[in-house]
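Worksheet: one structure, shown below.
Along the sequence shown, the residues carry numbers beginning at 1. In what follows, every heavy atom counts, from backbone to side chain, and hydrogens, waters and symmetry copies are set aside.
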Amino acid sequence: ESSFTWKDLLNKGNVNIVDFYFNFNFNNAEFTRGPTKGNTPAYVPAFIAKYGLIYKRSDKLHASFLSTWVREHYANDTQDANFKIPSYSV
């Protein structure tokens, strides 16, 4: 996870802060035994990325613009093509 902060010093009297938010999650899950050995468990994408901007103006106004990207994954443990969930953003 990483964070970047920028302060607008040109605005006299009020301090505006823009935070850039980024989080990356790497999942390395795999069955080690049984009939699904070598497959990834259901609903476990390999990558999830969360990112966006958080705007703060004093203590009264905070606004967040965030998004999440999820890599394709499966809705079952056998990784049947009929249960494939494509990548998506929220």
Specify the closest pair of heavy atoms between Pro41 and Phe31, including all atoms of both residues, with the distance to one decimal.
CA-CE1, 3.5 Å
Taking every non-hydrogen atom, the tightest pair across Thr40 and Gln79:
N-NE2, 2.8 Å
Given side chain to side chain contact (heavy atoms under 4.5 Å, CB included), test Asn27 with Ile48 step by step and report yes or no.
CA-CA 8 Å; Asn27 299 310; Ile48 299 173; 4.2 Å; yes
Under the criterion side chain to side chain contact (heavy atoms under 4.5 Å, CB included), I'd like the reasoning laid out for Phe22 against Lys50: C-alpha separation, chi angles, the key distance, then a yes or no.
CA-CA 6 Å; Phe22 179 77; Lys50 297 179 182 183; over 6 Å; no
Do Val70 and Val90 share a hydrophobic cluster (ILVMFWY, side-chain heavy atoms under 4.5 Å, transitive)?
yes
Grab the two heavy atoms, one from Ser67 and one from Ser89, that are nearest each other, plus how far apart they are.
OG-CB, 4.4 Å
Checking side chain to side chain contact (heavy atoms under 4.5 Å, CB included) for the pair Asn25/Phe47: CA distance, chi angles, key distance, verdict?
CA-CA 6 Å; Asn25 187 342; Phe47 305 105; over 6 Å; no
When you look at Tyr51 and Tyr21, which way does the ring pair (Phe, Tyr, Trp, His ring centres under 6.0 Å) test go after all the steps?
CA-CA 5 Å; Tyr51 50 91; Tyr21 174 80; 9.3 Å; no
To the nearest 0.5 angstrom, please state how far the CG atom of Asp19 sits from the CG atom of Leu53.
9.0 Å
In short, Gly52 meets Leu66 closest at the heavy-atom pair CA-CD2, 3.8 Å
Run the numbers on Leu61 and Tyr55 for side chain to side chain contact (heavy atoms under 4.5 Å, CB included), then give the verdict.
CA-CA 8 Å; Leu61 175 66; Tyr55 174 76; 4.0 Å; yes
Is there a side-chain contact between Thr68 and Tyr88, using heavy atoms and a 4.5 Å cut-off?
no
Where at least one partner belongs to residues 24-47, residue pairs that pass salt bridge (charged side-chain N to carboxylate O under 4.0 Å, His left out), sequence neighbours excluded
none
If you look at every heavy atom in Asn76 and Phe83, which pair is closest and at what distance?
ND2-CD1, 3.1 Å
Give me each pair satisfying salt bridge (charged side-chain N to carboxylate O under 4.0 Å, His left out) with a member in residues 66-90, each pair once, sequence neighbours excluded.
Glu72-Lys84
